[in-house]
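Notes to accompany the following structure.
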Amino acid sequence: MKIYSWNVNGLRSILKKGALEEILNSEHPDILCVQETKAKQNQAEIDFPDYIEIWNSADRPGYSGTATFSKIQPLGVSNGLTEELQSSYAWDDRYGNPLTEGRVQTLEFSNFYLINVYTPNSKRDLSRLKLREDIWDPAFLHYLKALETNKPIVVCGDFNAAHTPLDLARPNDNEHNAGFTDEERQGIKNLISAGFVDTFRYFQPSTQRYTWWSHWSHCRERNIGWRIDYFFVSPSLLPYLKSAEIHEHIMGSDHCPISIELEF
């Protein structure tokens, strides 16, 4: 089973470029999770007969959102977090409520839960960092651990943080910048401390490769990037994990796709 994840930075944009059709035809994923769709289902003309479409769009037009395209019929689907978690935190900040931004999808399959996530960006001025540190990261980890009591977890998406200095080209220059603050990095560390495995690092513990590049100064051409997109899995899935890859050659977004392969 091949599962791909891609922050597309606008689904309508990559559809116009033909990039979504290209990845489905060239890579043949069984499941493709996308983030930052910036569209509702009726705003994007999609016709891929082999795939079921599952959407979680933001209330705000042209913003955020997730979607999953699957060849496999899930046993169940839910969007967002549990009602308990929704009522346990003061979610609203100056930007609104992240729970209305289409950021989490959960699909249940026979052997695991698949969670597609688009983690809120802390913003250039770090004005959403406290939301990340105090609310989003702990609530999301709590959600994953609760699901894991039923069956193993595969969670993928844009986590908007580089975990270690190995995960960005210029760590010293970005030490206190959004995406590489101590608080955001701690959110990733907490996932790993809770037992979830960074699949790319499982296979490539010291390789420096990236999943996102700024539009400025030809960063992608110069490969000055960040690894902020991840697949994490429960340890019990490691015997079935065959590969984890970053697909830098696939264009169409400021992010590139990532993937894992599971064999049951």
Side-chain angles (χ1 to χ4, degrees), residues 3 5 7 33 35 80-82 84-86 88-89 91 98-99 103-106 108 111-122 126 128-168 171-172 174-212 226-241 243-246 258-260 262:
I3 310 175
S5 175
N7 179 319
C33 300
Q35 304 88 41
L81 302 179
T82 62
E84 177 189 357
L85 287 171
Q86 291 179 44
S88 297
Y89 296 89
W91 288 94
L99 299 180
R103 293 187 176 273
V104 179
Q105 294 185 293
T106 302
E108 182 181 0
N111 297 302
F112 59 89
Y113 288 105
L114 173 62
I115 298 91
N116 178 10
V117 63
Y118 179 35
T119 304
N121 189 302
S122 293
L126 303 182
R128 225 175 190 189
L129 181 60
K130 292 300 286 180
L131 173 82
R132 285 281 302 271
E133 180 185 16
D134 296 341
I135 299 177
W136 181 274
D137 285 347
F140 187 65
L141 179 55
H142 184 280
Y143 177 66
L144 296 181
K145 292 304 290 183
L147 282 176
E148 196 182 33
T149 62
N150 297 315
K151 62 177 64 175
I153 294 292
V154 174
V155 55
C156 65
D158 179 358
F159 284 78
N160 264 313
H163 178 212
T164 73
L166 193 62
D167 295 311
L168 69 167
N172 294 336
N174 288 284
E175 191 171 343
H176 301 293
N177 291 340
F180 199 58
T181 62
D182 291 341
E183 294 87 346
E184 292 161 309
R185 295 171 66 190
Q186 188 63 48
I188 303 292
K189 290 176 185 175
N190 291 343
L191 280 168
I192 294 170
S193 296
F196 296 108
V197 178
D198 178 348
T199 57
F200 180 76
R201 285 285 168 243
Y202 179 74
F203 289 105
Q204 301 192 42
S206 59
T207 304
Q208 200 156 18
R209 292 169 67 187
Y210 312 120
T211 66
W212 174 79
W226 300 54
R227 189 174 76 98
I228 60 175
D229 303 86
Y230 302 83
F231 269 96
F232 293 100
V233 299
S234 297
S236 60
L237 290 177
L238 290 179
Y240 310 101
L241 181 66
S243 66
E245 255 307 335
I246 295 173
I258 59 174
S259 70
I260 62 169
L262 295 165

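Below, all heavy atoms of this structure are taken into account, side chains as well, without hydrogens, waters or symmetry copies.
Note that CG of D198 and NZ of K189 are 13.5 Å apart. Values are rounded to the nearest 0.5 Å. To the nearest 0.5 angstrom, E184 atom CD is 13.5 Å from F159 atom CZ. One distance of note links CG of N116 with SG of C156; it measures 5.0 Å at 0.5 Å rounding. Taking CZ from R185 and OG1 from T164, the interatomic distance works out to 7.0 Å, rounded to the nearest 0.5 Å. Taken to the nearest 0.5 Å, the CG atom of D182 stands 7.0 Å off from the NE2 atom of H176. Rounding to the nearest 0.5 Å places CG of N160 at 8.0 Å from CG of N7.
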Please test H142 against K145 for side-chain contact (heavy atoms from CB on, under 4.5 Å), starting from the C-alpha separation and ending with a verdict.
CA-CA 5 Å; H142 184 280; K145 292 304 290 183; 6.0 Å; no
Apply side-chain contact (heavy atoms from CB on, under 4.5 Å) to the pair L241 and L262, showing each step before the final yes or no.
CA-CA 5 Å; L241 181 66; L262 295 165; 4.0 Å; yes
Start with the C-alpha gap between V117 and F140, add the side-chain angles, then the distance that decides, and say whether side-chain contact (heavy atoms from CB on, under 4.5 Å) holds.
CA-CA 9 Å; V117 63; F140 187 65; 3.7 Å; yes
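Contact record, A162 with L168: CB-CD2, 4.1 Å, taken as the closest heavy-atom pair. In terms of heavy-atom proximity, F200 sits nearest to T207 at CE2-O, 4.1 Å. Here the closest heavy-atom approach between residue W136 and residue Y118 is recorded as CZ2-O, 4.5 Å.
Scored by the ring-ring contact (aromatic ring centres under 6.0 Å, His included) test, Y202 finds no partners at all (sequence neighbours excluded). D229 meets the side-chain hydrogen bond (donor to acceptor under 3.5 Å, both in side chains) test with T211, H255; sequence neighbours excluded. Every residue two or more places apart in sequence or in another chain that forms a salt bridge (Lys or Arg N to Asp or Glu O under 4.0 Å) with R201 is listed here: D167. In this view, R128 and Y63, D93, Y95, P98, E101, R103, P120, K123, L131 satisfy the side-chain contact (heavy atoms from CB on, under 4.5 Å) rule, not counting sequence neighbours. Judged as a side-chain hydrogen bond (donor to acceptor under 3.5 Å, both in side chains), and not counting sequence neighbours, the contacts of Y210 are Q208. Looking at residues two or more places apart in sequence or on another chain, you find no side-chain hydrogen bond (donor to acceptor under 3.5 Å, both in side chains) involving N111. The side-chain contact (heavy atoms from CB on, under 4.5 Å) check on D137 picks up T119, R132, with sequence neighbours excluded. K151 meets the salt bridge (Lys or Arg N to Asp or Glu O under 4.0 Å) test with E108; sequence neighbours excluded. Annotation: side-chain contact (heavy atoms from CB on, under 4.5 Å) contacts of P138 (sequence neighbours excluded): Y89. Here E84 pairs with nothing under the salt bridge (Lys or Arg N to Asp or Glu O under 4.0 Å) rule; sequence neighbours left out. Here W91 pairs with nothing under the side-chain hydrogen bond (donor to acceptor under 3.5 Å, both in side chains) rule; sequence neighbours left out.
Q35 places none of its side-chain heavy atoms less than 4.5 Å from the side chain of Q105. Between L144 and L191 there is a side-chain heavy-atom pair separated by less than 4.5 Å.
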Would you list the atom pairs, donor with acceptor, under 3.5 Å between side chains in residues 230-240 and any protein atom, with sequence neighbours excluded?
residue: Y230; atom: OH; partner: A161; partner atom: O; Å: 2.8
residue: Y230; atom: OH; partner: H163; partner atom: N; Å: 3.1
residue: Y230; atom: OH; partner: R227; partner atom: O; Å: 3.1
residue: S234; atom: OG; partner: E148; partner atom: OE2; Å: 2.6
residue: S234; atom: OG; partner: I153; partner atom: N; Å: 2.8

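Side-chain atoms of T181 do not come within 3.5 Å of backbone N or O of A178 as any donor-acceptor pair.
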